[in-house]
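Accompanying notes for the structure given below.
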Amino acid sequence: MIPKVKLKKQDDTSTEKPVWPIAETPRTQFPLLLHYHPMTIYHYQVNKQADTVMSDFLFPEDQDQAQLKRDYDYYEAITVHDSSLSRAIFGILAHRLGEAGKAYQYFMDTALADLTDAQATSALAFTQLTWVAAG
């Protein structure tokens, strides 16, 4: 019998849903919430931002490195980063896991988010999250 991998679940049924086909979704369809009804999205394993792993960021003493790695790997694969907050949190956690390349890439994505208008929100406000990621 294969033991179940213990993950922090976003909700009681989150891991039982089908995975959103992120790689097959055209880039023009992001952010998802602007192109798909929330009730459609909620039927899939897909995260807009770093919701669940945010607890790993805020409470690092509440899990060991193995738990952090499981959560990070799982949620990184199903997170579309439709929020500028997402990349900053994933970058900090990548650093905690010793994944310097990923940490740097997430930092640069965060730092350049407004300059490249990656979220199509630069006209609204300049994000302060680069400072969080740098801290």
Side-chain angles (χ1 to χ4, degrees):
M1 174 185 261
I2 299 172
K4 287 189 174 186
V5 175
K6 294 182 180 180
L7 293 169
K8 287 189 191 90
K9 291 185 177 185
Q10 188 162 340
D11 62 59
D12 289 342
T13 64
S14 61
T15 58
E16 298 166 14
K17 301 170 185 174
V19 175
W20 184 277
I22 296 170
E24 290 81 35
T25 304
R27 295 306 310 159
T28 58
Q29 297 300 296
F30 292 89
L32 294 178
L33 283 171
L34 295 181
H35 301 281
Y36 299 92
H37 192 279
M39 291 309 294
T40 299
I41 296 170
Y42 296 156
H43 289 282
Y44 288 88
Q45 291 182 58
V46 63
N47 286 358
K48 171 185 137 181
Q49 60 192 18
D51 291 334
T52 308
V53 295
M54 176 69 92
S55 67
D56 296 326
F57 165 70
L58 293 171
F59 306 104
E61 67 283 349
D62 288 351
Q63 71 276 315
D64 59 22
Q65 286 292 98
Q67 181 67 51
L68 175 59
K69 178 75 171 145
R70 283 191 300 272
D71 293 341
Y72 179 89
D73 288 346
Y74 172 77
Y75 285 104
E76 185 182 36
I78 65 165
T79 301
V80 294
H81 306 293
D82 282 348
S83 163
S84 57
L85 169 66
S86 185
R87 289 179 180 89
I89 299 304
F90 271 93
I92 292 166
L93 295 178
H95 173 72
R96 286 185 187 165
L97 289 167
E99 296 186 22
K102 280 186 178 182
Y104 179 76
Q105 187 59 56
Y106 278 124
F107 171 77
M108 290 306 296
D109 289 347
T110 301
L112 297 173
D114 293 313
L115 298 175
T116 62
D117 202 17
Q119 304 296 132
T121 59
S122 292
L124 301 175
F126 192 84
T127 183
Q128 299 297 312
L129 293 173
T130 299
W131 301 111
V132 172

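The basis for the numbers below is simple: all heavy atoms, side chains too, and nothing from hydrogens, waters or symmetry mates.
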Taking everything shown except D12 itself, do over 12 heavy atoms lie less than 6.0 Å from its CG? no
Please find the pair of heavy atoms, one from P21 and one from T25, that lie closest to each other, and give the distance. O-OG1, 2.7 Å
Are F30 and H81 an aromatic pair, judged by ring center distance below 6.0 Å? no
Could you check whether F90 and Y72 have their ring centres less than 6.0 Å apart? yes
Between R70 and K6, is there a donor-acceptor pair closer than 3.5 Å when you use the side chain of the first and the backbone of the second? yes
Using distance alone, with no hydrogens and no angle criterion, decide if Q45 and Y74 have a side-chain donor and acceptor under 3.5 Å apart. yes
Closest non-hydrogen atom pair, A103 against G91: CB-O, 3.5 Å
Begin with the C-alpha distance, continue with both residues' side-chain angles, and end with the deciding distance and a verdict on side chain to side chain contact (heavy atoms under 4.5 Å, CB included) for R96 and F57. CA-CA 9 Å; R96 286 185 187 165; F57 165 70; 3.9 Å; yes
Just to verify, what does Y42 make a ring pair (Phe, Tyr, Trp, His ring centres under 6.0 Å) with, not counting sequence neighbours? none
Write down the atom of T110, the atom of A88, and the distance for their closest heavy-atom approach. OG1-N, 3.2 Å
Measuring only between side-chain heavy atoms, which start at C-beta, is D64 closer than 4.5 Å to L68? no
Salt bridge check, E76 against K69: does any charged N sit closer than 4.0 Å to a carboxylate O? no
Measuring from atom CG of L97 to atom CD of E99, what distance do you get when rounded to the nearest 0.5 angstrom? 5.5 Å
I'd like to know if I41 and L34 are part of one continuous hydrophobic network [Ile/Leu/Val/Met/Phe/Trp/Tyr, side-chain heavy atoms within less than 4.5 Å]. no
Which residue pairs satisfy the salt bridge (charged side-chain N to carboxylate O under 4.0 Å, His left out) criterion with at least one member in residues 15-35, sequence neighbours excluded? D11-K17
Could you check if a side-chain atom of I78 sits within less than 4.5 angstrom of a side-chain atom of W20, using non-hydrogen atoms only? no
Can you list every side-chain hydrogen bond (donor to acceptor under 3.5 Å, both in side chains) pair that touches residues 48-58, not counting sequence neighbours? K8-D56, Q49-D51, Q49-S83
Expected output: side-chain T79 to main-chain A50 donor-acceptor under 3.5 Å: no
Side-chain heavy atoms of V80 within contact of L32, under 4.5 Å: yes
Indicate the atoms forming the closest heavy-atom contact of A77 with I22, along with that distance. O-CD1, 3.6 Å
State the CG-OH distance between L93 and Y75, to the nearest 0.5 angstrom. 13.0 Å
Test item: R87 side-chain N/O and A111 main-chain N/O as donor-acceptor pair under 3.5 Å: no
Rounded to the nearest 0.5 Å, what separation is found between the CG atom of D73 and the CG atom of L7? 10.0 Å
Measure from the side-chain N and O atoms of Q29 to the backbone N and O of Y36, and report whether any donor-acceptor pair falls under 3.5 Å. no
Heavy-atom pair with the smallest gap, counting every atom of S14 and Q10: OG-N, 3.5 Å
Could you tell me whether a side-chain N or O of H43 sits under 3.5 Å from a main-chain N or O of M39, the two making a donor and an acceptor? yes
